[in-house]
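Residue numbers begin at 1 in each chain, while the letters A, B, ... track the order of the sequences. These numbers were taken from a predicted model, which means no experiment stands behind them. All values below were derived from every heavy atom in this structure, side-chain atoms included, with hydrogens, water molecules and symmetry-related copies excluded.
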There are 2 protein chains.
Amino acid sequence: MRIAEVAERSGLTVSAIRYYEKSGLCPPISRGPDGKRQFNATDLDWLTLLSSLRETGMTLSDMRAFATLYRGGDETIPERKSALLKHRDSLAIRQAQLDRRHDILNRKLKKYQEIIGESP
Amino acid sequence: MRIAEVAERSGLTVSAIRYYEKSGLCPPISRGPDGKRQFNATDLDWLTLLSSLRETGMTLSDMRAFATLYRGGDETIPERKSALLKHRDSLAIRQAQLDRRHDILNRKLKKYQEIIGESP
DNA sequence: TACCGACCTCGAGCAGCTTTAGGTCAAGCC
DNA sequence: GGCTTGACCTAAAGCTGCTCGAGGTCGGTA
């Protein structure tokens, strides 16, 4: 699979994928005879998970820790699970915060509405 | 009002407030005889709104544009309203995205659960 | 009087990419 | 065959939005 396709499917950008590889977030991707990266399904899955973690606010350094666990094989699953649980909690907090901020925006919009007096 | 109090109430950090003033996101805050910033209620309101916009993903440059409109007085309210509407839409999209990512995390957790076989 | 805590400025540092410059290679067209 | 196009490559600099550290000024208090 070409890098452009992986980018589209994982939700990362091409640059971000290269950056992630360079900084050790994913194992070195195998190369074709022309030096181009050739991704397999496992690479795609991993990058998609990384994309989810990143988009939900995990830092690269936490992701690196998670990647290290991953390389440790199945016996690190309980640790990985608790890392994800912790992250899911912080995501829930963040989502609640966004909801509140959303409300504030709505109230502000309502005020503007009252001032200019058009239909919503 | 002291800067520490404004920080706590608005949700910004002390450094961020100073940074926002320096980069023209809020009008110059009045100073006491000792050179310290003295915030009034209007300053607090504005910074709280900025905080909401920022936390929901608006860029500083968009916030600057919004601040410029604000300085233009009441006749810019329709423009401000449409800016906020647009931003609220993009926030909703972002929230939906987060929900999907949240689901992905949950599925991954479920898999781990099945592998290690404990109670959820 | 000497220290503490809260503020100040300015400049450097940091995360997490993105952009740019300069290059390789295969495929498609004339 | 030669030329262009487009997708990829690397390394390095640039960007955003702060944060942190150094070094300094106050007012209050033991």
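The residue A:Ser23 sits apart from the nucleic acid: no heavy atom pair falls under 4.0 Å. Using a 4.0 Å heavy-atom cutoff across all strands shown, B:Arg54 reaches sugar-phosphate atoms only and no base atom. Within 4.0 Å (heavy atoms only), B:Thr13 reaches sugar-phosphate atoms of the nucleic acid but no base atom.
Atom C1' of nucleotide D:dT19 and atom CG of B:Leu60 are separated by 14 Å, given to the nearest angstrom. Atom CD1 in A:Ile17 sits roughly 10 Å away from atom P in D:dC8 (whole-Å rounding). Distance B:Lys22 NZ to C:dC10 C1': 7 Å, rounded to the nearest Å. The CG-P distance, from A:Asp34 to C:dT24, rounds to 14 Å in whole Å. Distance CG (A:Leu12) to P (C:dG16): 14 Å, rounded to an integer number of Å. Spacing between atom CG of A:Asp62 and atom C1' of C:dA15 amounts to 13 Å, rounded to whole angstrom units.
Distances shorter than 4.0 Å separate none of the side-chain N or O atoms of A:Arg37 from OP1 or OP2 on D:dC8. Remark: A:Tyr20 is in phosphate contact with C:dC17, judged by side-chain N or O atoms under 4.0 Å from OP1 or OP2. Dashed line: the shortest gap from a side-chain N or O of B:Arg31 to OP1 or OP2 of C:dT9 is under 4.0 Å. Phosphate contact (OP1/OP2 of D:dT16, side-chain N/O of B:Tyr19, threshold under 4.0 Å): absent. The side chain of B:Arg2 contributes an N or O atom lying less than 4.0 Å from OP1 or OP2 of C:dC7.
Between A:Arg18 and B:Ala16, the residue anchored nearer the 5' end of DNA chain D, judged by the nucleotide with its closest heavy atom, is A:Arg18. Residue-to-nucleotide proximity on DNA chain D shows that, of A:Val14 and B:Met63, the 5′-proximal contact is made by A:Val14.
Side-chain atoms of A:Asp43 and A:Gln38 form no donor-acceptor pair, as typed in the model, at a separation below 3.5 Å. A:Arg101 and B:Ser51 form a side-chain donor-acceptor contact under 3.5 Å, judged by distance and modelled atom types alone. Judged by distance alone, the side chains of A:Gln97 and A:Arg100 never bring a donor and an acceptor atom under 3.5 Å apart.
B:Ile104 and B:Leu109 end up in different hydrophobic clusters when Ile, Leu, Val, Met, Phe, Trp and Tyr side chains are linked at under 4.5 Å.
Residue B:Ser15 places its side chain closer to D:dT19 than to any other of C:dC17, D:dT19, D:dC8. Of the candidate nucleotides C:dC7, D:dC8, C:dT18, D:dC8 has the atom lying nearest to any side-chain atom of A:Ile3. With distances taken from any side-chain atom of A:Lys36 to the nucleotides C:dC7, C:dG16, D:dA7, the minimum falls on D:dA7.
Side-chain N or O atoms of B:Arg18 include none that pairs as donor or acceptor with a backbone N or O of B:Ile3 at under 3.5 Å.
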